[in-house]
Amino acid sequence: GNSVTQMEGPVTLSEEAFLTINCTYTATGYPSLFWYVQYPGEGLQLLLKATKADDKGSNKGFEATYRKETTSFHLEKGSVQVSDSAVYFCALKRAGGGNKLTFGTGTQLKVEL
Amino acid sequence: GAVVSQHPSRVICKSGTSVKIECRSLDFQATTMFWYRQFPKQSLMLMATSNEGSKATYEQGVEKDKFLINHASLTLSTLTVTSAHPEDSSFYICSATQQGEAFFGQGTRLTVV
C-alpha cells in the first residue's frame, strides 16, 4: 500500500539556519506529493505540491523536488524564521485515488532567536 | 483559499457518553468530506469519506457503529463518537476538497475521562 515516512521531530533551529525535513514515500504509479503546514491552533494548510517527477514545488521560500529515483520529496528552506515554527506534514495522493491523502507523521519545527 | 470550520476545537467527555463534531465548508459546497484521526506522534489516518446524501465510506478497521457520520447538506458533515471510551481520545480532523485542493478544519482534541 501507500505510505509516507518523514523524519521525527522536534527539529530546533536558530533563525536564519538552513532547514531540511526528509520525506520518502512508497506508492504504485505516479502519485502527487504535498507538504502541508499546521501553525499552532490552526488547521492544515497546503504549503506546496508537485504532481510529476522532477517537478519542484515552492512557496514562501520553501522548496521540495519530486525525486522518482529516490522516492523522496524533501522540504528545504534556506533561511528559517521564528514564524516558520509549525508542524509540517508530507503527504501523497495516488494517481486515480480520488482525493484521499496519505500522510506522514508530521515533523514539528521550532525556530528560536 | 476556501475555509473549513470545525467545532468544537476541544472537548472533554465522560466514558459512555457521545460526542458530536461538526465540519463546515464556509464558502463552498462539498459533496465529499474526509475525516481523519491522529494519534500522538503518528500519521493522520483516514477514517472515512463522508458523502452528501448517502452513506459514508469507512476505511478498513474503523467501526461504523462507533463513529457515526452524517452529511446532510452540502456544507456540513458531522462525526459522532458514540459511547466514548478513553481509547477514543485523539485528535480528529476533517477536510473538504475544492477544485482538487484539500482544505482542512482546525481539528478537534477529544479527551474521554
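- No more than 12 heavy atoms of other residues, nucleotides or ligands lie within 6.0 Å of OH in A:Tyr30, so this atom counts as exposed by the packing criterion.
- With values rounded to the nearest 0.5 angstrom, B:Ser95 atom OG is found 9.0 Å from A:Leu44 atom CG.
- In B:Lys20, the NZ atom is not crowded: 12 or fewer heavy atoms of neighbouring residues, nucleotides or ligands sit closer than 6.0 Å.
- Here CG of B:Leu44 is found 10.5 Å from OH of A:Tyr36. Values are rounded to the nearest 0.5 Å.
- Residue contact with chain B, scored on non-hydrogen atoms closer than 4.5 Å, involves the side chain of A:Phe89 exclusively.
- Hydrophobic cluster membership differs between B:Met45 and B:Leu110, with clusters built from Ile, Leu, Val, Met, Phe, Trp and Tyr side chains linked at under 4.5 angstrom.
- A:Lys68 NZ: more than 12 foreign heavy atoms inside a 6.0 Å radius.
- For B:Glu101, the part lying under 4.5 angstrom from a heavy atom of chain A is the side chain only.
- Closest heavy-atom contact between B:Gln38 and A:Thr105: NE2-O, 4.0 Å.
- No part of B:Ser9 comes within reach of chain A, as not one of its non-hydrogen atoms sits under 4.5 angstrom from that chain.
- A 4.5 Å side-chain heavy-atom check between A:Leu101 and B:Tyr36 finds at least one atom pair inside the cut-off.
- Applying the 6.0 Å contact sphere to CD of A:Glu15 captures more than 12 heavy atoms from other residues, nucleotides or ligands.
- For the atom pair NZ of A:Lys100 and OG1 of B:Thr32, the computed distance is 10.5 Å after rounding to the nearest 0.5 Å.
- For chain B, the nearby part of A:Gln38 is the side chain; its heavy atoms alone come within less than 4.5 Å.
- Clustering ILVMFWY residues whenever any of their side-chain heavy atoms sit less than 4.5 angstrom apart, transitively, puts B:Met47 in a cluster other than the one holding A:Phe103.
- Using a 4.5 Å cut-off between heavy atoms, B:Phe103 makes no contact with chain A at all.
- Enclosure of atom CG in B:Leu26 by more than 12 non-hydrogen atoms of other residues, nucleotides or ligands within 6.0 angstrom is indicated.
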